[in-house]
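Sequence lines set the chain letters: A, B, ... in the order given, protein chains first and strands last, and positions in each chain run from 1. Bear in mind the structure is a predicted one, so any value in this text is a computation, not a measurement.
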Amino acid sequence: MAKNLVIVESPAKAKTIEKFLGKDFTVKSSFGHVMDLSKKNLGVDIENGFIPNYEISSDKKKVVSELKKLSKDAETVWLASDEDREGEAISWHLVNALKLDESKTKRIVFHEITKTAILNAIENPRGINKKLVDAQQARRVLDRLVGFELSPLLWKKVKPALSAGRVQSVAVRLIVEREEEIKNFKVTSSYKVTAKFEIDSKKGKTKLVAELPKKFKTKEEAIKFLEQCIAAEFTIAKIEKKPGKKSPAPPFTTSTLQQEASRKLGFSVGNTMRVAQQLYESGKITYMRTDSLNLSNLALGMAKEQITELYGEKYVKTRKFTTKIKGAQEAHEAIRPTYMNNKTAGKDASQKKLYELIWKRTIASQMSEAQLEKTVVTIDISTTKEKLVAKGEVIKFDGFLKVYLESTDDENGEDQKNVLPPLNKGEKLQLDEMIADERFTKFPPRYNEASLVKKMEELGIGRPSTYAPTISTIQKREYVIKEDRFGKNRNYDVIILKNEKITEKVKSEKTGFEKAKLFPTDIGALVNKFLLQYFDNIMDYNFTASVEKEFDEIADGQKKWNEMIKEFYGPFHSKIENTLETAKKFSGEKLLGKDPKTGLNIFVKIGRFGPMVQMGDAESEDKPRFAGLKKTQSIETVTLEEALELFKFPRNIGEFEGKEITVAIGRFGPYVKHNNLFFSLQKTDDPLSVIRERAIEIIEEKRQKDKENTIREFDKDPTVKVLKGRFGAYIKIKTKNFKIPKGTDPEKLSLEDCLKISEDPKNAPKKGFKRKKK
DNA sequence: CAGTGAGCGAGCTTCCGCTTGACTT
């Protein structure tokens, strides 16, 4: 039995560290937090000073009991969770969950997984920092109170099963507000003049492209300018050369890795993290959830060695980067290859591509600057005071550019940097052509997953471990949808001066094309409006930053954590109560117009099951009729005509086997209903025009499929069936499903067998825990 | 994966932050 038990957060880390320490040490992992607030009720005792009710998380019971056993036999238990707020709390929870004896428990920390760092940590143990734990408790309790009081309010006032929280609600706000900016954006156009000159040089003819810095607001002004240039003489007035340099970007953090993988590889945020996890687990890269730019001395040394070997000594420049991100906790290193001499690694194409990106970024960050020479050429026009400008850039020394250049989110990469031909001051230029083309102002870009993460990081909301899950949550709640939009064609004017003649042309370009961008849904916009109206403080972009400041004060011992919570909770809770009493149902109801046949009002709003249209007033004697919106429609844009179409359902389209067939649109899209059974329409079927014959086809297809999936049926009781599911055979009784015990042949089950199996609680459908009411 | 299918009636839903491997309906 080992004398020492070391507990870290991640199993891959445990494996590495075990190699560094001798055989007297066993290294195990807690798999992150082992305790959390109870999920029943609030999990916090409001009346008695906000005492948290912690429980061992259900998925951690096994880990905890194993660690408990090992800790009993160990002489010393070393708690080596990360050195940040959450890590400190993990150690504290471990003390409680494992019932550790204080005398044999030691807390150690390290920021990098290197042998020296770990041996050094072992030499310098300390106790648990209770103040830091308190800061974490404040963070945890605040998030619980906000989430578990706001969400139920939404269920009552907006729609069931919605959610709100300190992080997700602000993320949705960003997307809703960006969409509003875009909607209110006024597109204007102006004319940009570009001139092409022919240069005779020793090497033959080359081109020089120059631009007019000024843009013309109207076509008339642009034409007037071109007319002036017909008989003009063009002379080089000035040639300015300036040295410039470019520096490499710092190594990757979680957020910048997600951004670059999105731009360069087209990965979603979730995909990047999944692939990075695989690389981490196979020991190829360091930890992938980090906000630190730091590289260990070992890594710096390896990088230097690698760069010298591959490119030579003059490409080396060792740098240490420091983070500018507020609230960064820097418990880990930056994301880097474990061994810099592996230029490639990974099992599949995704892993290889991501690894290569990390390798290049890390190596480049330790390379010398690129040396540039920037040239600006000014060209006089004899007939006007305006001057043309040509810009050029020559790379004198490539430095880090040999390996890697960070891309940008900028969608219209304007500055084209070309190499200029040899030119002399006073030289007269021969105009080939001059073009004035119409350019339009561009609305602010919509967020994609990665650029939203970037913005969240800037605001200090969310952590490296939560960026990907948060983005998935707001999509799962249907606050936000990720999709492509096809652009529209737009005409623009082009005026050309060539051979001393001016001609005009109209050209066409694609505009508004969007790929994998985040759009707010009706529900997202409505919930955002509700929260902004009643809880503007939580929705404030600075809310997290201001509570973070208080958490820091708690960690410094200047503030008691439950006092901070009390100050927040008092006004917050009375707002909840007040809103509960006074706010009406928040449905976003909008009057579209009147039904021309009946004269009844047509409304659009959010109902229990999402966006819908309503015919007739709620207060009128005749109950109003309802119909759900199609998935492709929105409250914002639906027209009266489209709304009226929706009331054509359910459509009776004939009879089949003596029962009528109807078509309608439900929660899960358009369907055919026959004999109380439902059959989904295909995407290619139009619910407004689908005919009886096609409906029968769909019914027969479904029947065939059901037959194939049925293993056993019983004449005596048709509500009991043995069916083939995606996880194998199961028993269905009415709407409930039951597991079949192992070793039972489903083909041979009798009705009695089925009923018996259904009575055994072991086989009952799992529905989670029932909530206990006090 | 495939299946689900209402307009109110039960019972349920929910947060953020650590971490991976569950093993379903």
Q) Under 4.0 Å between a side-chain N or O of A/Arg166 and OP1 or OP2 of B/dG17? A) yes
Q. Just wondering, do A/Phe148 and B/dT14 stack (centres under 5.5 Å, planes under 30°)?
A. yes
**Q.** Cationic tip of A/Arg477 above A/Tyr479 ring, under 6.0 Å, 45° of axis
**A.** no
Q) With a 4.0 Å cut-off on heavy atoms, is A/Arg625 in touch with a base, just the backbone sugar-phosphate, or nothing at all? A) nothing
Q: Using a heavy-atom cut-off of under 4.0 Å over every strand shown, decide if A/Leu150 touches base, sugar-phosphate, or nothing.
A: nothing
**Q.** Candidates B/dC18, B/dT13, B/dG5 - which lies nearest the side chain of A/Arg463
**A.** B/dC18
Q) Should the pair A/Arg166 and A/Phe543 be classed as cation-pi, given the thresholds of under 6.0 Å to the six-membered ring centre and 45° from the axis? A) no
Q.
For the backbone of A/Gly327 and the side chain of A/Glu548, can you confirm whether one donor and one acceptor N or O come within less than 3.5 Å of each other?
A. no
Q) Which of the following nucleotides, B/dC16, B/dC18, B/dT13, is nearest to the side chain of A/Pro160? A) B/dT13
Q. Any N or O donor-acceptor pair linking the side chain of A/Arg139 to the base of B/dC16 at under 3.5 Å?
A. yes
Q. Is A/Pro469 touching bases, backbone alone, or none of the nucleic acid, heavy atoms closer than 4.0 Å?
A. nothing
(Q) Heavy atoms only, 4.0 Å cut-off, all strands: where does A/Gly462 land among base, sugar-phosphate and nothing? (A) sugar-phosphate
Q) Within less than 4.0 Å of OP1 or OP2 of B/dT19, is there a side-chain N or O belonging to A/Ser10? A) no
Q. Counting side-chain heavy atoms from CB outward, which of B/dC16, B/dG5, B/dT19 is closest to A/Gln168?
A. B/dC16
Q: Could you tell me whether A/Asp82 and A/Lys13 have a side-chain N and a carboxylate O separated by less than 4.0 Å?
A: yes
Q.
By the 4.0 Å heavy-atom rule, please label A/Ala89 as base, sugar-phosphate, or nothing.
A. nothing
(Q) Under 4.0 Å, heavy atoms only, any strand: does A/Gly32 hit a base, just the sugar-phosphate, or nothing? (A) base
Q: Considering only atom C1', compute the distance from B/dC23 to B/dC18 and round it to an integer number of Å.
A: 23 Å
(Q) Please tell me if A/Arg140 has a side-chain N or O lying less than 4.0 Å from either OP1 or OP2 of B/dC18. (A) no
Q: Look at all strands and tell whether A/Val146 reaches a base, only sugar-phosphate, or nothing, counting heavy atoms closer than 4.0 Å.
A: nothing
Q. Of A/Arg289 and A/Val613, whose nearest nucleotide on DNA chain B comes first from the 5' end?
A. A/Val613
Q) Does the side chain of A/Thr466 get closer than 4.0 angstrom to OP1 or OP2 of B/dG17 through an N or O atom? A) yes
Q. At under 4.0 Å between heavy atoms, what does A/Gln136 touch on the DNA or RNA strands: base, sugar-phosphate, or nothing?
A. nothing
Q.
On DNA chain B, compare the nucleotides closest to A/Pro464 and A/Lys673; which residue's is nearer the 5' end?
A. A/Lys673
Q. Say you pick atom P in B/dG21 and the same atom in B/dC1; how far apart are they, in whole Å?
A. 22 Å
Q: Taking only the side-chain nitrogens and oxygens of A/Ser151, find out if one of them lies under 4.0 Å from OP1 or OP2 of B/dC15.
A: no
Q: For B/dT20 and B/dT24, measure between their P atoms and round to the nearest Å.
A: 23 Å
Q: Starting at NE2 of A/His111, measure out to CD of A/Glu330 and round the result to the nearest 0.5 Å.
A: 9.0 Å
